[in-house]
Amino acid sequence: MKKRIGKITSIYSLNILLLFIVTRVIHVSHNQLYILVIIFFVVANFEVWFLNFWQNKETAELTIMKNRMIATSAGETPRGVLAEPTSPYYELLEQFNELQSYVRHSQYSANREINNYQTLLASLPVGVINVGRHHMIDVFNQTAADMLGVEMPEVPILDSLVIRQFTLSEIINHTFNTNQRQHSILNLMIDGEARQYDVSTLFHQSGSNAEVMVMLYDLTEVLKLERMQADFLANASHEFKTPLTAITGFVETLQGDAGADEETRTQFLQIVADEAKRLSALVSDILSLSRMQHKVDEKISNLQISAIVEQQLEKIDTKTVTVHNDIAPDFSVSGIASDVSTIVQNLLTNSVKYNKTDGEVWISAYKDTQQWQIKVSDSGIGIPLNQQSRIFERFYRGDESRQRKIASGTGLGLAIVNEIVNQHNGGINIKSQVGVGTTISVILPL
Ligand code: ADP
């Protein structure tokens, strides 16, 4: 600005000096002097205007460059300036354009990395929280929000506003106080449900600030599965023990004096044979269940359901009941033969086993475009309402079946059916009335 005022002052001074010299050299009248002053004034103004015009033309590129720099610092995409080779700033502009393209490239890489980091953080199956200076959280992923049962917060946020679990806050504070990583398994109540989390904390330094990274891993399902396996083992051992004790007991008795009596021997040997049969049924059901869980892809084929029903009926003693197979011989679906056979076998066995003498069994099947259904109804003893939700549990046997020994069984038949149906994302419906009968329908997707 100062430079500009200097230049304008010199133009005016030069013009006044020229005017002074002219009036000294040529004698002019008063009127002519006025005209000369006006002419010199107009000329001086024109010179100033021309100077400005010339300077603006030269600095236009610099002004654009300056504006682009301001825009870049404000976060806009860096843009270059068109540099004419004739421009006095050509080299400067070329350098500027290179710098802008470098910044553009760096911004692109940084954005990509931020995106990758955020996608990774959001999709991690582990809850991640970073607590920085003054207990402000600056990283909090969706998994952490889900696990702690809170809304996804806007970070930064004070940790006490999000982490309302006392034991978890304690671990974070302990990490800050000891500068040592911590590890613990916490039992937390989340939305009224007890959940178990593996919590690891990591003490780290960011510049001169101490920070704590928290990682949460949900163990609830894993621990539940472990408990289920332990229960299964305990139940299975118990179920094995009963027939084994009976077998060893009766065999020992037979080895003694009681074995000499023909009638006792026949009676005891029958018990031993029955218990051995029960053991064998248990082993085969447990094997079936285990095969279900570790099944490799099996072949899908076209299955004639009526024929499968007939095959399974041949394996069951149906002398005391009348069976109506109402499935059309040409009713077919595509599926895994062994799975469908196992379902049919277990449903039919139960409908005969838990029936009355001279009772009846009806079997039917339906399908639409999405799914198919097999329905087995019987006129048997029925299942009390309070037992209906439990009959699919492993080793569960209805009170009637267990106490009065209506029929032999392992308590695994419907658990196996349930396992197969779950694997195929199917469903099971049950309708039953004590003393009237039971209908169990299995629905499988096509
Ligand atoms: P199991 O028949 O070996 O006892 P399941 O798993 O097949 O084991 O069945 C579990 C229980 O469900 C049976 O003990 C019985 O009490 C009940 N149940 C199953 N099917 C029927 C049925 N059709 N009628 C009456 N009760 C049934």
Side-chain angles (χ1 to χ4, degrees), residues 228 231-232 235-236 238-243 274-293 309 312-313 315-318 320-326 339-364 373-423 426-443:
M228 270 169 63
D231 285 353
F232 180 78
N235 283 331
H238 177 76
E239 294 295 326
F240 275 125
K241 222 170 151 196
T242 319
D274 288 347
E275 293 301 326
K277 230 159 121 188
R278 191 170 157 201
L279 261 182
S280 155
L282 253 177
V283 171
S284 97
D285 277 355
I286 288 176
L287 277 177
S288 278
L289 252 184
S290 147
R291 263 199 298 271
M292 287 299 133
Q293 284 162 346
V309 167
Q312 296 307 320
L313 281 172
K315 298 180 192 167
I316 306 169
D317 182 2
T318 52
T320 55
V321 292
T322 311
V323 179
H324 309 272
N325 178 3
D326 298 330
D339 283 357
V340 174
S341 301
T342 309
I343 292 172
V344 170
Q345 185 201 5
N346 282 301
L347 295 185
L348 289 180
T349 307
N350 284 350
S351 66
V352 174
K353 236 174 26 174
Y354 300 110
N355 219 320
K356 298 167 194 156
T357 315
D358 296 330
E360 289 186 88
V361 174
W362 299 269
I363 309 145
S364 53
Q373 190 188 119
I374 179 157
K375 191 159 114 181
V376 179
S377 303
D378 63 59
S379 59
I381 59 168
I383 309 166
L385 200 61
N386 62 341
Q387 292 175 22
Q388 288 181 14
S389 59
R390 299 205 57 197
I391 57 173
F392 298 100
E393 287 174 21
R394 291 167 185 191
F395 297 112
Y396 181 83
R397 300 205 72 212
D399 293 342
E400 293 266 313
S401 347
R402 193 173 278 278
Q403 288 160 14
R404 289 215 269 133
K405 291 215 168 209
I406 285 179
S408 62
T410 60
L412 289 173
L414 289 182
I416 294 171
V417 171
N418 195 36
E419 185 74 36
I420 299 173
V421 170
N422 281 344
Q423 280 184 0
I428 305 177
N429 284 334
I430 170 164
K431 265 193 206 147
S432 186
Q433 203 179 335
V434 176
V436 178
T438 301
T439 298
I440 297 186
S441 315
V442 165
I443 301 128

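In each ligand, atom 1 is the first atom listed, and ligand 1 is the first ligand listed. Everything quoted here is computed from the prediction, not taken from an experiment. Values below: all heavy atoms of this structure, side chains included; hydrogens, waters and symmetry mates excluded.
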Output yes when Arg394 and Glu239 qualify as a salt bridge under the 4.0 Å nitrogen-oxygen rule, no when they do not.
no

Do the non-hydrogen side-chain atoms of Ile316 and Val323 ever get within less than 4.5 Å of each other?
no

Find out whether Thr342 and Asn346 are in side-chain contact, i.e. whether some heavy atom of one side chain is under 4.5 Å from a heavy atom of the other.
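SC-SC contact between Thr342 and Asn346 confirmed.
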
Nearest heavy-atom pair of [X] and [Y]: which atoms, and what distance?
X      : Y      : result
Leu414 : Phe392 : O-CD2, 3.6 Å
Trp362 : Asp378 : CZ3-C, 4.1 Å
Thr439 : Lys375 : CG2-CG, 3.5 Å

Where ligand 1 meets [X] - atom numbers and elements under 4.0 angstrom, heavy-atom basis:
X      : value
Gly411 : 1 (P), 3 (O), 4 (O), 6 (O), 8 (O)
Ile391 : 6 (O), 10 (C), 11 (C), 12 (O), 17 (C)
Lys353 : 1 (P), 2 (O), 3 (O)
Gly409 : 3 (O)
Arg397 : 1 (P), 3 (O), 4 (O), 14 (O)
Thr410 : 3 (O)
Gly413 : 5 (P), 6 (O), 7 (O)

Does Gly398, backbone or side chain, put an N or O under 3.5 Å from an N or O of ligand 1?
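Yes, at least one N or O pair falls under 3.5 Å.
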
Counting only nitrogen or oxygen atoms and a 3.5 angstrom limit, does Ile383 reach ligand 1?
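N/O-N/O distance under 3.5 Å: no.
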
Is Gln388 reaching over with its side chain to a backbone N or O of Ile383, donor-acceptor style, under 3.5 angstrom?
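Side chain of Gln388 to backbone of Ile383: a pair is present.
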
State whether the number of non-hydrogen atoms from other residues, nucleotides or ligands found under 6.0 Å of Lys277 atom NZ is greater than 12.
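Incorrect, the count does not exceed 12.
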
Of Tyr354, Tyr396, Phe392, which has the heavy atom at the shortest distance from atom 1 (P) of ligand 1?
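Comparing heavy atoms across Tyr354, Tyr396, Phe392, the nearest one to atom 1 (P) of ligand 1 lies in Tyr354.
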
Consider ligand 1: state whether an atom of it lies below 4.0 angstrom from any non-hydrogen atom of Asp378.
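A heavy atom of Asp378 does come that close to ligand 1.
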
